Structures are given as structure tokens and as C-alpha cells.
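Computed from a predicted model, the values in this text were never measured in an experiment.
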Amino acid sequence: MSSRLTGVGVGPGDPELVTVKGVNALRAAGVVVVPVMDTGERGRAEATVLHYVPAEKVVRVVFALNERSDRGRRVAAWDAAGERVAQLLREHGSVAFATIGDPNVYSTFTYLAQTVAALVAGTVVETVPGITAMQDLAARSGAVLTEGTEPLVLVPVTAGAAVLKDALAGPGTVVAYKFGRQAGEVAEALRETGRLDGAVWGCALGLEAESIRPAAELDGTPLPYLSTLIAPARRDGGRGGKL
């Protein structure tokens, strides 16, 4: 039988936002892998998973999640993580990889699946979608992501402030991920493009440390890395004006 590697989206942190299909996939797998930056850490994915599967079924695998400056070190860490998951796949036949958000949206799972598929011949790779941070922030803040013909642009601020400014200059709603360390640049970009009013940011959604605030309150103070921003499209045409 083929080995099966399943990327399971477990949402932004609130365990109630894991789908029924996601829970079933976690429970059906022989072992559940959760990504961590070090073996002593309990990450957001693991904390969510433990609501649905016993701790003895969960395996922490270290990934160089924040390594950007040393390519050699990053590649070596990825290779080691891939080898570890491949070993688990050979032992158990099926492995679920829990990732915050969705496994097809800026997820560690993308790179892992490529590595493992090359190491274990015949591996079947599949994904179970998860609720994203932008959806959760929209629900908790009341921000509407899109109406009518409006486009939706998702930008990782790690790509640079210029990419964000280009998106904000456009006609649609802009969502910015991973902007906490560049909060000052984001605030400046919102002001320069006239997109500050109505914009909102949030972090630790669904958790005790949750914070959801108007973007107008951004003062340049660094925020948690996994902060999310929604800058809704300009809507001046009244109800249904974008249809």
C-alpha cells in the first residue's frame, strides 16, 4: 500500500475552528507531526492538535521556520526535517502534518511534501483545507473581505514594503500577513495610500492573548510576527455598489 502524507489545516489558533474533516484526518493518521522551532517549544499547531488527539500520537519535528539569512543552514534543517518525517512515514504508513491556517497558503507543508515525496517512493500527498487568519480576523472584527467585483490581494510583508504599497494602490481589499516586525512601515504605507480608515489588524486570534485593533492605532511598535492586517477596499457606491 502507498504511504500517505496529509497536510491538515488547523486554523489560526482557536481549536473550535478546525473542520470536522480535519479532525477526522488527524485521528485517522498513524502519527501527527507538528512543526516547532525547537524541541522544547509548544507551537500553536500542537496546542490545537492536542484538543483532538492524545499527546503520545504527536511528534514534534524541528523546522528552520525563521531562518532567512543563512541558506545553507536552512537547507540542512529542511533536509533533516524531511528525513525525520520520511522515517515516520515508513514506520506508520500514514502521517498527518498539522499546519496553522491552510496547508496551501504560505505553509511549511508545501516544502515538506516535496522533500518527503522524493524520499519515499509512491507517497500519496493530500491536503485538508483550514480556516485562514484573514477569515478569522474578518469574522472577529466585522471587516468585509470582498464585495461584488472587488479583488482580494494577499501580501506577505516579508516580501517588502514596496509590494504592500503596490497592492494598497489598487482597487481591492488588501490582506497583509507576517507584518508584526514591520508594523511601522505598514502604518506608513497605509497613510501614504489613503487606506488607513477602516483597516484593522489582529494577532493571537481566538487565544487568551488575542488583540484586535484599528490600524489607525499603529504607532510603529513591533508586533507579534504572525500579525494580520485587513485594509478593506474603498466602498463609496452604497449598498451593492460593486455589483
Undergrad: In this structure, are over 12 heavy atoms from other groups packed under 6.0 Å from Asp197 atom CG?
TA: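 Open: at most 12 neighbouring heavy atoms sit under 6.0 Å from CG of Asp197.
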Undergrad: Given 3.5 Å as the limit, does a donor-acceptor pair link the side chain of Ser94 with the main chain of Arg4, or not?
TA: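 Not confirmed, Ser94 side chain does not pair with Arg4 backbone.
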Undergrad: Run through Tyr111, Phe97, Phe109 and flag the one making a ring pair (Phe, Tyr, Trp, His ring centres under 6.0 Å) with Phe63.
TA: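 The option that passes is Phe97.
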Undergrad: With rounding to the nearest 0.5 angstrom, report the CD to OG1 distance, Gln182 to Thr158.
TA: 7.5 Å
Undergrad: Return the set of residues passing side-chain contact (heavy atoms from CB on, under 4.5 Å) with Val59 (not counting sequence neighbours), or none when no residue passes.
TA: Val31, Val61, Arg84, Leu88
Undergrad: Going from OH on Tyr225 to CZ on Arg181, what distance comes out if it is rounded to the nearest 0.5 angstrom?
TA: 6.0 Å
Undergrad: For Ala167 and Val155, which heavy atoms make the closest approach, and how far apart are they?
TA: CB-CG2, 3.8 Å
Undergrad: Find out if a path of hydrophobic residues (ILVMFWY) with successive side-chain heavy-atom gaps under 4.5 Å connects Val58 to Val8.
TA: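 Looking at the clustering, Val8 is in the same group as Val58.
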Undergrad: If you measure from OG1 on Thr127 to CG on Asp102, what distance do you get to the nearest 0.5 Å?
TA: 7.0 Å
Undergrad: Quick one: does Leu229's side chain get under 4.5 Å of Leu190's, heavy atoms only?
TA: yes
Undergrad: Has the side chain of Arg60 got a donor or acceptor atom that lies under 3.5 Å from a matching backbone atom of Val36?
TA: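 Side chain of Arg60 to backbone of Val36: no pair is present.
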Undergrad: Search all heavy atoms of Gly130 against all heavy atoms of Gln135 and return the closest pair with its distance.
TA: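 Closest heavy-atom pair between Gly130 and Gln135: O-OE1, 4.2 Å.
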Undergrad: Check whether any side-chain N or O of Thr110 sits under 3.5 Å from a backbone N or O of Tyr106 as a donor-acceptor pair, and report yes or no.
TA: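 Here the side-chain-to-backbone pair does not exist.
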Undergrad: Work out which heavy atom in Gly7 is nearest to a heavy atom in Pro103; give both atom names and the distance.
TA: O-CG, 3.6 Å
Undergrad: Would Leu50 end up clustered with Leu26 when hydrophobic side chains under 4.5 Å apart are linked, directly or stepwise?
TA: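 In one cluster with Leu50: Leu26, yes.
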Undergrad: Run Phe179 and Glu185 through side chain to side chain contact (heavy atoms under 4.5 Å, CB included) and show every step you take.
TA: CA-CA 9 Å; Phe179 83 90; Glu185 296 177 49; over 6 Å; no
Undergrad: Between Val174 and Leu154, is there a shared hydrophobic cluster once you connect ILVMFWY residues whose side-chain heavy atoms come closer than 4.5 Å?
TA: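 No, Val174 does not connect to Leu154 through the hydrophobic network.
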Undergrad: Would you please test Thr173 and Arg235 for side chain to side chain contact (heavy atoms under 4.5 Å, CB included) and show each step?
TA: CA-CA 10 Å; Thr173 292; Arg235 297 172 183 136; 3.4 Å; yes
Undergrad: Which of these passes side chain to side chain contact (heavy atoms under 4.5 Å, CB included) with Val18: Thr48, Val49, Val128?
TA: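 Of the listed options, the one satisfying the test is Thr48.
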Undergrad: Count I, L, V, M, F, W, Y as connected when their side-chain heavy atoms are under 4.5 Å apart, and connections chain through other members. Are Ile230 and Val153 then in the same cluster?
TA: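 Unlinked, Ile230 and Val153 end up in two clusters.
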Undergrad: Can you tell me which residue among Val33, Leu112, Thr6, Val116 is in a side chain to side chain contact (heavy atoms under 4.5 Å, CB included) with Val95?
TA: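 Only one option passes, and that is Val33.
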Undergrad: Does Tyr52 use its side chain to pair, donor to acceptor, with the backbone of Gly22 at less than 3.5 Å?
TA: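 Not a single qualifying donor-acceptor pair exists.
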Undergrad: Please list, chain by chain and in numerical order, all residues satisfying salt bridge (charged side-chain N to carboxylate O under 4.0 Å, His left out) with Lys57, sequence neighbours excluded.
TA: none
Undergrad: Output all residues satisfying salt bridge (charged side-chain N to carboxylate O under 4.0 Å, His left out) with Glu83, sequence neighbours left out; order by chain, then residue number.
TA: none
Undergrad: Are any side-chain N or O atoms of Thr228 and backbone N or O atoms of Gly202, one a donor and one an acceptor, separated by less than 3.5 Å?
TA: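 Looks like no, no N/O pair under 3.5 Å.
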Undergrad: On a heavy-atom basis, which atom in Ala113 and which in Leu5 lie closest, and how many Å separate them?
TA: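 In this case the closest contact between Ala113 and Leu5 is CA-CD2, 4.0 Å.
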Undergrad: With the side chain counted from C-beta on, respond yes when Arg213 and Leu223 share a heavy-atom pair under 4.5 Å apart, and no when they do not.
TA: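 Side-chain contact under 4.5 Å: no.
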Undergrad: One pair to check against side chain to side chain contact (heavy atoms under 4.5 Å, CB included): Val10 and His51. What are the steps and the verdict?
TA: CA-CA 11 Å; Val10 296; His51 283 265; over 6 Å; no
Undergrad: Check this for me: Glu217, atom CD, are more than 12 non-hydrogen atoms of other residues, nucleotides or ligands nearer than 6.0 Å?
TA: yes
Undergrad: Using modelled atom types only, decide if a donor and an acceptor are shared between the side chain of Arg191 and the backbone of Leu196 within a distance under 3.5 Å.
TA: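 Such a contact is absent between Arg191 side chain and Leu196 backbone.
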Undergrad: Asp14 vs Arg140, test: side chain to side chain contact (heavy atoms under 4.5 Å, CB included). Steps then yes/no.
TA: CA-CA 12 Å; Asp14 184 345; Arg140 294 177 187 276; 3.0 Å; yes
Undergrad: Can you find a heavy atom in the side chain of Ser141 that is under 4.5 Å from one in the side chain of Trp201?
TA: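 No, every pair of side-chain atoms sits at 4.5 Å or beyond.
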Undergrad: Please report the closest heavy-atom contact between Leu89 and Ser3, naming both atoms and the distance.
TA: CG-CB, 3.6 Å
Undergrad: Say whether Leu17 and Met134 are linked into one hydrophobic cluster, either directly or through other cluster members, by side-chain heavy-atom distances under 4.5 angstrom.
TA: no
Undergrad: Looking at side-chain heavy atoms only, is the closest gap between Leu207 and Arg44 below 4.5 Å?
TA: yes
Undergrad: Any side-chain to backbone donor/acceptor pair from Ser107 onto Asn104? Under 3.5 Å, distance only.
TA: no
Undergrad: Measure across Thr123 and Ala117 and return the closest heavy-atom pair with its distance rounded to 0.1 Å.
TA: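 Minimum heavy-atom contact is CB-CA, 4.4 Å.
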